[in-house]
There are 2 protein chains.
Amino acid sequence: MTDHRELALLLRRLTVELDAVGQRFAEVHGLNRTDVRALVAIMDAARGGESLTAGRLGAAVDLSSASVTALLDRLEKAGHIRRTRDAEDRRRVVLEMSDTAMAAGAEHFGGLQRDLTAAMADYSDDELAVVRRFLVDMTGAIERHSRPEPPATVVGC
Amino acid sequence: MTDHRELALLLRRLTVELDAVGQRFAEVHGLNRTDVRALVAIMDAARGGESLTAGRLGAAVDLSSASVTALLDRLEKAGHIRRTRDAEDRRRVVLEMSDTAMAAGAEHFGGLQRDLTAAMADYSDDELAVVRRFLVDMTGAIERHSRPEPPATVVGC
DNA sequence: GTCGATTATCTCGATCGTCGAGAGAATAGC
DNA sequence: GCTATTCTCTCGACGATCGAGATAATCGAC
């Protein structure tokens, strides 16, 4: 029987290392963890064709509006993003990544992506299918512990 | 051909959710992320039979000695740890988790461990072996991006 | 035993990120 | 136009972190 605890430890270790990659990006570019999380969120949105607004970014990284303003001030001053008023709703501020920030992110995280993909080449489709099922199952199990109200199996009230 | 990018995304998603579990523990117990990381480190050391000192904890969570002092002040005031001088080397301060903190941690993270292990019961030994190999490979690839000096393939000085 | 060098931790002042409360600006409905 | 709503920003305060230096204990040499 394979040791289940060892696999759980491996998952945690992988998480720690993946965190360290973001940490490293932050150090190299003189940013803090929140700034990196925000850039990643903006980058992900850009990939999906969407542009984030200040408010949506605050919701995404769980920050107050005051903190988002300070965060965007830092990123803008460093030249990583631009703020522009939305033409349709001029209350909104839409965020766009600068080309240099986009390139820096692509180099850092794209390189990781490339290495991960290369490492996956050693696996058959069947094996990757097993891994995929495993990751989905584990994420589901973890998710049930990461939400505020787990079951709430109450009837009355 | 299985989509390699999807697997990379699943890994990231799993990481985010696992992070959220720690975040949730922090919120429930009125701690911040650093405090939780420190408690986990102390807990892990305790599991291995070792007792952490203030200095080793600082190295583990990458904090200055000044920050470690403040961190331990918070944890001690909250009743999560005790500080005692080492009998052999009285310069050292050894850290011990209180029973209540140990129980709280066991309940929170032990419950997750139980669910993960339960979810693994659906897999054959062969499948788990594949998953294990995959996790080790991916962690290795990620690790090469999380360290300050990646290759340094220079010959002369 | 006691002197200096070393190690481990703590104290102090300053900096930076975050928040709550409220202000400012634009929009939508009447 | 007026009011309510939405979105972002400003301000003052708090808390976590750091660098530099202080305090205390240990070790080795004499």
Side-chain angles (χ1 to χ4, degrees), chain A residues 19-20 22-42 45 50-78 80-97, chain B residues 19-20 22-27 29-42 45 50-78 80-96:
Chain A
D19 244 37
Q23 176 74 29
R24 185 160 144 64
F25 182 81
E27 284 168 7
V28 168
H29 292 85
L31 305 169
N32 62 39
R33 296 194 71 69
T34 303
D35 297 359
V36 174
R37 284 180 62 197
L39 277 179
V40 169
I42 298 173
E50 288 289 331
S51 282
L52 241 50
T53 66
R56 295 174 68 87
L57 175 63
V61 300
D62 196 34
L63 239 54
S64 70
S65 72
S67 305
V68 171
T69 298
L71 162 67
L72 295 180
D73 285 348
R74 291 195 299 271
L75 291 181
E76 194 169 35
K77 186 186 293 182
H80 296 316
I81 63 158
R82 281 185 304 275
R83 284 195 258 211
T84 48
R85 290 277 169 188
D86 187 349
E88 294 192 349
D89 184 343
R90 294 188 54 75
R91 291 170 301 182
R92 288 200 262 197
V93 168
V94 301
L95 309 172
E96 291 169 3
M97 290 195 66
Chain B
D19 244 37
Q23 176 75 27
R24 186 161 142 65
F25 182 81
E27 283 168 6
H29 292 85
L31 305 170
N32 63 39
R33 297 191 70 69
T34 304
D35 297 0
V36 174
R37 284 180 62 195
L39 277 179
V40 169
I42 299 173
E50 289 289 329
S51 281
L52 241 48
T53 66
R56 296 174 67 87
L57 176 63
V61 300
D62 194 35
L63 239 54
S64 70
S65 71
S67 304
V68 171
T69 298
L71 162 67
L72 295 179
D73 285 348
R74 293 194 298 271
L75 292 180
E76 193 168 36
K77 187 187 291 183
H80 295 317
I81 62 157
R82 281 184 302 274
R83 283 196 259 213
T84 47
R85 288 277 169 189
D86 186 349
E88 295 190 349
D89 185 343
R90 293 189 53 74
R91 291 170 302 183
R92 288 201 262 198
V93 168
V94 301
L95 309 172
E96 293 169 2

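Nothing here was measured: the structure is a model prediction, and the numbers come from that model. Here is the naming used below: chain letters follow the sequence lines, and residue numbers restart at 1 for every chain. Reckoned from all heavy atoms, side chains included, excluding hydrogens, waters and symmetry mates.
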From [atom1] of [X] over to [atom2] of [N], roughly how many Å is that when rounded to an integer?
{"X": "B/Asp62", "N": "D/dA16", "atom1": "CG", "atom2": "P", "result": "18 Å"}
{"X": "B/Asp86", "N": "C/dT7", "atom1": "CG", "atom2": "P", "result": "17 Å"}
{"X": "B/Asp73", "N": "D/dG15", "atom1": "CG", "atom2": "P", "result": "14 Å"}
{"X": "A/Leu71", "N": "C/dC19", "atom1": "CG", "atom2": "C1'", "result": "14 Å"}
{"X": "A/Arg33", "N": "D/dA16", "atom1": "CZ", "atom2": "P", "result": "18 Å"}
{"X": "B/Asp35", "N": "D/dT17", "atom1": "CG", "atom2": "C1'", "result": "12 Å"}

Answer yes or no: does a side-chain N or O of [X] lie under 4.0 Å from OP1 or OP2 of [N]?
{"X": "B/Arg83", "N": "C/dC10", "value": "yes"}
{"X": "A/Thr69", "N": "D/dC9", "value": "yes"}
{"X": "B/Ser64", "N": "D/dG19", "value": "no"}
{"X": "B/Arg90", "N": "D/dT23", "value": "no"}

Distance-only donor-acceptor test, B/Ser65 side-chain atoms vs C/dC10 base atoms, 3.5 Å: yes
If you check the [X] side chain, which of [options] turns out closest?
{"X": "A/Leu72", "options": "D/dT17, C/dC10, D/dC9", "value": "D/dC9"}
{"X": "B/Arg91", "options": "D/dA24, D/dA20, D/dT5", "value": "D/dA24"}
{"X": "A/Thr34", "options": "C/dT9, D/dT17, C/dT18", "value": "C/dT18"}
{"X": "A/Ala54", "options": "C/dC10, D/dC11, D/dT8", "value": "D/dT8"}
{"X": "B/Ala66", "options": "D/dT17, C/dT9, D/dC18", "value": "D/dC18"}

Residue closer to the 5' end of DNA chain C, A/Val68 versus A/Asp89 (nearest nucleotide): A/Val68
NZ/NE/NH1/NH2 to OD/OE distance under 4.0 Å, B/Arg33 and B/Asp19: yes
Crowding at CD, A/Glu76 (>12 non-hydrogen neighbours, <6.0 Å): yes
